[in-house]
Amino acid sequence: MTIDTSKLDNSVRVRFPPSPTGDPHVGMVRSALFNYAFARHYGGKLVLRIEDTDAARNTEESYQAILNTLRWTGIEWDEGPEVGGEFGPYRQSERGEIYADTAAKLLEAGKAYPCYCTAEELEAAREKAKAEKRAPGYEGTCRNLTAEQIAAYEAEGRTHVVRFRMPENRTISWDDLVRGAISFESVNVPDYPLLRADGSPLYTLTNPTDDALMGITHVLRGEDLLSSTPRQIPLHEALVELGLSKGVPEFGHLPFVMGEGNKKLSKRDPEASFSFYPRTGYLPEGLVNYLALLGWSLGNDEEIFSLDELVAAFDGTRVSANPARFDLKKCEAINAVHLRALETEDLAKRILPFLDREGLLLGGTDGHLANEEEWRTLLAAVPLVQERMTVLSEAIGMLGFLYTGDGSDARHAFALNEDDAAKVLTADAWPTLTAAFAALDALPEWTAAAIDEALRTALIEGLGLKPKNAFTPVRVAVTGRRVSPPLFESLELLGRERTLARLRAADARARAAA
RNA sequence: GGCCCCUUCGUCUAGCGGCCUAGGACACCGCCCUUUCAAGGCGGCGGCGCGGGUUCGAAUCCCGUAGGGGCUACCA
């Protein structure tokens, strides 16, 4: 909203700091995307930092999934795991000494203090405050302990956490990149823990410390962290005072990505999980485009753009402060536009793994998913289905009939969709099928144009059928479904042998029903 | 409860005092095209939460109010 562009040059350094717990979430991907676009737009750097300070919740699978997610999406990080950088290491679990040292300095300077309250005592205080309708935060019990009191606690064998000492009577404010002026009164921000009783660091310490130490200039993160900003700013200031940091970063809080109802998109919703998209056959181009639209717009009426175009346009000034509802229908529609724009060969390559996953391919040599014939068929079929698809997995249903065999090979055998067959291959369909068989069996030249002419002559002129009634039984007989790619081209691709065999089988079925 | 954020069609948004009888996209509904389904074309439905101000003039500025959301951990 209000960005001083004079300060935004190639010194821009932003970061994406995921916590490797669970499946990557689309909200997380959007956050990474905005940071990436912002960094690239200003010629700056994107730092990937893994915030794995909660050993109990982190998993290696999640860590790998995050890296794979970013790669699939096309988000490249300039510093971080696997690429290194001068501010590493980039996994917080490997930065223990840095945090211990920082905490010690904070403690020594009086910016932080040991707190001997037990979890039970804190819980009791919270309950009491709630009952008395007071703010339930930490009340500063140990904020001004004397040396004697500390010694007494130690003698008791009590352990302590380290708390940050919030400044008193101060208005903490900043100019949020997304929301403009925001301010909190420090009395409403309790002293918060930096170190656990076992001495291990908490997010509250590691996140600002690393932002400071890694020279982060702009923090673009979710709105859920907005209320932690007033505690982080004084910590940043303390780090500057201690000579550990050059300055306090700018903050921008991105709107939530919502799901059904008015709740944050939860892990319950299948579309919340990033893995849904590659699996279903969304394109990176499509997902990136849609995700960028969640809280951002180009400003004109254009909604279709590439990652590069996003980078070119994303200056950080057009981010909306409103929460955005995730709309899978629109995501599909955007994806479909990108899918339709693909070159034939490109689309064919992307479809291949889906056919393979379904067991529809015999496969080629040298690790190719398809043999030459299968690949040629696909190249010819792609133009027929391209504008009928929104996601890649749909190719399975639409093209499956071309990749089913007669049972003698390793592929799935051809099978009719039972619902469609029951509706269409009825008793009165057999004359149509018989006539179609005869016309095609006699056809000298097996091309779409010739098939078209032969079927029209035999069925529409010969039997006096309406096109819809003439072609639907043929379609179901040969492709197995009432909805298929264009019929004549489909028959041409399928070939005379399989077409006639399927017509004959369908004819027999229809006669049996008579 | 306290603190903070948010509020334009069902959804995502454009709009930053007059260009707005509010524009686009998705969804939805018609019609056209058509061998199915799509795609495409044309058209339709549908919105500034409410109340006060400020102003010649407010979706746009201010105040209030209502509603929604977040935070309030020795999680991140």
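Naming convention: chains lettered A, B, ... in sequence-line order (proteins, then strands); numbering from 1 in each chain.
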Does [N] pair with anything, Watson-Crick or G-U wobble, both distances under 3.5 Å, and if so, with which nucleotide?
N     : result
B:U65 : B:G49
B:C3  : B:G70
B:C26 : B:G10

Would you indicate what [X] reaches in the nucleic acid, counting non-hydrogen atoms under 4.0 angstrom: base, sugar-phosphate, or nothing?
X      : result
A:A333 : sugar-phosphate
A:G295 : sugar-phosphate
A:R221 : nothing
A:R126 : sugar-phosphate
A:T53  : sugar-phosphate
A:S183 : sugar-phosphate
A:D301 : base
A:E303 : base
A:L225 : base

Worksheet item: What do you reckon, is CD of A:E343 surrounded by more than 12 foreign heavy atoms closer than 6.0 Å?
Response: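 No, the 6.0 Å shell around CD holds no more than 12 heavy atoms from other groups.
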
Discussion item. Measuring from the side chain of A:R318 (C-beta onward, heavy atoms only), which nucleotide among B:C74, B:G15, B:C5 has the closest atom?
Written reply: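 Among the listed nucleotides, the one closest to the side chain of A:R318 is B:G15.
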
Practice prompt. Would you indicate which nucleotide in B:C5, B:A76, B:G10 comes nearest to any side-chain atom of A:L202?
Written response: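 Looking only at side-chain atoms, A:L202 lies closest to B:A76.
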
Worksheet item: Does A:K329 get its side chain close enough to the base of B:A27, under 3.5 Å, for a donor-acceptor pair?
Response: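 Donor-acceptor pair under 3.5 Å: no.
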
Quantified in whole Å, what is the [atom1] atom distance between nucleotide [N] and nucleotide [M]?
N     : M     : atom1 : answer
B:G51 : B:G24 : C1'   : 31 Å
B:A27 : B:G64 : P     : 42 Å
B:G15 : B:U7  : C1'   : 15 Å
B:U35 : B:C12 : C1'   : 37 Å
B:C20 : B:G47 : C1'   : 13 Å
B:C48 : B:G23 : P     : 13 Å

Please tabulate the protein-to-nucleotide N/O contacts below 3.5 Å involving nucleotides 36-38 of chain B, giving atom names and distances.
unit_1: B:U36; atom_1: O2'; unit_2: A:R482; atom_2: O; d: 3.2
unit_1: B:U36; atom_1: N1; unit_2: A:R475; atom_2: NH2; d: 3.3
unit_1: B:U36; atom_1: O2; unit_2: A:R475; atom_2: NH1; d: 3.4
unit_1: B:U36; atom_1: O2; unit_2: A:S484; atom_2: N; d: 2.9
unit_1: B:U36; atom_1: O2; unit_2: A:S484; atom_2: O; d: 3.1
unit_1: B:U36; atom_1: N3; unit_2: A:R475; atom_2: NH1; d: 3.3
unit_1: B:U36; atom_1: N3; unit_2: A:S484; atom_2: O; d: 2.8
unit_1: B:U36; atom_1: O4; unit_2: A:R388; atom_2: NH2; d: 3.1
unit_1: B:U36; atom_1: O4; unit_2: A:P486; atom_2: N; d: 3.4
unit_1: B:C37; atom_1: O2; unit_2: A:R388; atom_2: NE; d: 2.7
unit_1: B:C37; atom_1: N3; unit_2: A:R388; atom_2: NE; d: 3.0
unit_1: B:C37; atom_1: N3; unit_2: A:R388; atom_2: NH2; d: 2.8
unit_1: B:C37; atom_1: N4; unit_2: A:R388; atom_2: NH2; d: 3.1
unit_1: B:A38; atom_1: O2'; unit_2: A:E387; atom_2: O; d: 2.6
unit_1: B:A38; atom_1: N1; unit_2: A:E387; atom_2: OE2; d: 2.9
unit_1: B:A38; atom_1: N3; unit_2: A:E387; atom_2: OE2; d: 3.1

Practice prompt. Return the orientation label for the A:F314 and A:W296 ring planes: parallel under 30°, perpendicular over 60°, tilted otherwise.
Written response: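 If you compare the ring of A:F314 with that of A:W296, the planes turn out tilted.
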
Return yes if a side-chain donor-acceptor contact under 3.5 Å exists between [X] and [Y], otherwise no.
X      : Y      : value
A:E154 : A:Y116 : yes
A:R475 : A:T479 : no
A:T472 : A:R482 : no
A:D210 : A:Y90  : no
A:R221 : A:T229 : yes
A:T434 : A:D507 : yes

Discussion item. Is there a side-chain contact between A:F16 and A:L33 in this structure, where contact means two heavy atoms from C-beta onward sitting under 4.5 Å apart?
Written reply: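 Not touching, per the 4.5 Å side-chain cut-off.
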
Response to the item:
5' to 3', nucleotides 59-64 of chain B under a 4.0 Å protein heavy-atom cut-off (B base, S sugar-phosphate only, - none) gives ------

Worksheet item: With nearest nucleotides of RNA chain B determined for A:F488 and A:N322 from heavy-atom distances, which residue corresponds to the more 5′ nucleotide?
Response: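 In this pair, the answer is A:N322.
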
Discussion item. Which is more 5' along RNA chain B, the nucleotide nearest A:S228 or the one nearest A:A324? Just name the residue.
Written reply: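 Nearest nucleotide further toward 5': that of A:A324.
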
Practice prompt. Starting at OG of A:S393, measure out to CD1 of A:I351 and round the result to the nearest 0.5 Å.
Written response: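 Between A:S393 OG and A:I351 CD1, I get 10.5 Å after rounding to 0.5 Å.
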
Could you list, one pair per line, each protein nitrogen or oxygen that sits under 3.5 Å from a nitrogen or oxygen of nucleotides 47-50 of chain B, together with the distance?
none

Worksheet item: Knowing that exactly one of A:K111, A:R143, A:R165 qualifies, which makes a salt bridge (charged side-chain N to carboxylate O under 4.0 Å, His left out) with A:D191?
Response: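 The single option meeting the salt bridge (charged side-chain N to carboxylate O under 4.0 Å, His left out) with A:D191 is A:R143.
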
Practice prompt. Determine, for A:E394 against A:R388, whether the closest basic-nitrogen to carboxylate-oxygen distance falls under 4.0 angstrom.
Written response: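 No, A:E394 and A:R388 are not salt-bridged.
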
